[in-house]
Amino acid sequence: MTDVREAVARAHHEEWARVVAALTRRFGDLDIAEEAAAEAFATAVERWPADGVPPNPGAWLTTTANRKAIDRIRRESKRDDKHRKAQMSHDDPPEPAGAIDDDRLRLIFTCCHPALAMEARVALTLRLVAGLTMPEIARAFLAQESAVGQRITRAKAKIKAARIPYRVPSAEDLPARVSGVLAVLFLVFNEGYLATGPGTDPVRHELTAEAIRLTRLIRALMPGDGEVAGLLALMLLIEARRPARLSAGGELVALDEQDRGVWDAALIAEGHRLVRERLAAAAAGVAPGRYQILAAINAVHTSARDMRDTDWSQVLALYDQLVRLDPSPIVAINRAVAVAELDGPEVALAAVDRLGDRLAGYHAYHATRADLLRRLGRGQEARAAYDRAIDLAGNTAETASLTRRRDRLLPG
């Protein structure tokens, strides 16, 4: 039974987006696609323990979801319209494959259409493409679950009402459409790299792999776009560190404690090559965007064989450049880490404390404060900050890491 549950969970992680995308292409309705996919997975939970896991779970789920969708259309007495269209779609030969022919990519561009608000695009794609639950999406947004649900419902209704097409945009439309897609893919990647939900695996490789795969597809569509290349480089350099991020006991390992010998050298080399390409473009007068700067920061980190070898002055200079593009409090927190290495924890703490009003509910704010207070020997204040970070952290691996750091504090 445990093996079957694991198979269903694995199929959900690996096949959800494929099933939803296939049904969206066939029926042209996101509600039908999502609900039929959910029913198919529920049927798998019921039947696979008795019947066994099928040899091709994705095909089984897609076939089952198609039947569920047709059943729903029949129940809604729309046979004359949607059912006939569905049948025609079923009988038609497949479209000829182009340079990029991927239903999930079509689904992403549909979910990220500019007619939708940015937050709705992200929430909808995290739900339909990544298969995240409402609580997981809410944590990614630092928002209420009900608000996220309303965004998704309104977004699907707008797609239907506006007849937003299910396709990859034309070449002339791509530049205007890609920024929203990149934002979504980065959030999907982040959810996989450090899952927000306490009931999920702390690191979800299938999400990081999917975000990287789809970013590669977009790069094939737009090989000259600097931000696409920058995001791909950023993902590769972060993903390269994944083998060192969890201890044998399932605890998150911070960058300064990671075994750099197990980092993925091939991913680092590819990421560095992309960063060098973008640096050459910058030297030629092409200003880098947010993802390119973040990739360059990660290139500095992955170039150091030891934490002590990190070129913190270069990191800080890159963060100064990033702040001009993205003056968000999250960027300011990360910049403060570099400030602490160059100017000391007291200067960094003053900068972090100025962000308290905006980040009181963000666990990384309290974790950063705790570490700076620890370095200043202010143990009691550090413990309180760690306690607050632990309360807010949803990931069990991160909670374990924060707890260990708190518990080894000296009294004071």
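Here the structure is a predicted model, which is why all the values come from computation and not from measurement. Along the sequence shown, residues are numbered consecutively beginning with 1.
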side-chain contact (heavy atoms from CB on, under 4.5 Å) assessment of Asp387 paired with Arg406: CA-CA 8 Å; Asp387 285 341; Arg406 180 199 63 189; 2.9 Å; yes
Asn334 and Leu322: side-chain contact (heavy atoms from CB on, under 4.5 Å), yes or no, with the steps? CA-CA 11 Å; Asn334 291 322; Leu322 182 59; over 6 Å; no
Please test Tyr166 against Ile159 for side-chain contact (heavy atoms from CB on, under 4.5 Å), starting from the C-alpha separation and ending with a verdict. CA-CA 10 Å; Tyr166 176 60; Ile159 286 172; over 6 Å; no
Step-by-step side-chain contact (heavy atoms from CB on, under 4.5 Å) determination, Asp391 to His366: CA-CA 10 Å; Asp391 288 342; His366 297 282; over 6 Å; no
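The environment of Arg163 atom CZ is sparse: at most 12 non-hydrogen atoms of other residues, nucleotides or ligands sit within 6.0 angstrom. Counting heavy atoms of neighbouring residues, nucleotides and ligands inside a 6.0 Å radius, atom CZ of Arg47 does not exceed 12 of them. Crowding of Arg67 atom CZ: a count of heavy atoms from other residues, nucleotides or ligands under 6.0 Å not exceeding 12. Around CD of Glu346, the count of heavy atoms belonging to other residues, nucleotides or ligands within 6.0 Å does not exceed 12. Atom CZ of Arg167 has 12 or fewer neighbouring heavy atoms from other residues, nucleotides or ligands inside a 6.0 Å radius. For Asp357, the CG atom sits in a loose shell: 12 or fewer heavy atoms of surrounding residues, nucleotides or ligands are nearer than 6.0 Å.
Contacts classified as side-chain hydrogen bond (donor to acceptor under 3.5 Å, both in side chains) and involving residues 219-242 (residues at least two apart or in different chains) are given here: His205-Glu239, His205-Arg242, Thr208-Glu239, Glu227-Gln292, Glu239-Arg242, Arg241-Asn298. Residues in residues 311-349 take part in these ring-ring contact (aromatic ring centres under 6.0 Å, His included) pairs, two or more places apart or across chains: His301-Trp312.
Between Pro223 and Ala220, the closest heavy-atom pair is CD-O, 3.7 Å. Nearest heavy atom pair, residue Val275 against residue Ala296, reads CG1-CA, 4.1 Å. Residues Gly356 and Tyr365 approach most closely at CA-OH, 3.2 Å, considering heavy atoms. Across all their heavy atoms, Trp263 and Ala304 have their closest contact at CZ3-O, 4.5 Å. Residues Leu355 and Pro329 approach most closely at CD1-O, 3.7 Å, considering heavy atoms. Between Thr125 and Cys111, the closest heavy-atom pair is OG1-CB, 3.0 Å.
At least one donor-acceptor pair under 3.5 Å links the side chain of Gln258 to the backbone N or O of Val253. Panel note: side chain Arg121, backbone Leu116; a donor-acceptor pair is recorded below 3.5 Å. Although no hydrogens or angles enter the test, the distance criterion places no donor-acceptor pair under 3.5 Å between the side chain of Arg369 and the main chain of Val352. In this structure, the side chain of Thr310 engages the main chain of Met307 through a donor-acceptor pair within 3.5 Å.
Salt bridge status for Asp71 with Lys68: absent, with no side-chain N to carboxylate O gap under 4.0 Å. We find that Arg375 and Glu341 are joined by a salt bridge, their nearest charged nitrogen and carboxylate oxygen being less than 4.0 Å apart. The pair Glu277-Arg273 meets the salt-bridge criterion, with a side-chain N (NZ, NE, NH1 or NH2) lying under 4.0 Å from an Asp/Glu carboxylate O. Between Glu39 and Arg72 there is no salt bridge, since no side-chain N of the basic residue sits under 4.0 Å from a carboxylate O of the acidic one.
Side-chain contact, Tyr193 with Arg245: a donor N or O sits under 3.5 Å from an acceptor N or O.
The shortest distance between side-chain heavy atoms of Arg127 and Leu124 does not fall below 4.5 Å.
The side-chain contact (heavy atoms from CB on, under 4.5 Å) test with Val8 singles out one residue from Asp3, Leu61, Val53, Val45, and that residue is Val45.
Classification of the Trp16-His12 ring pair by plane angle, with boundaries at 30° and 60°, yields tilted.
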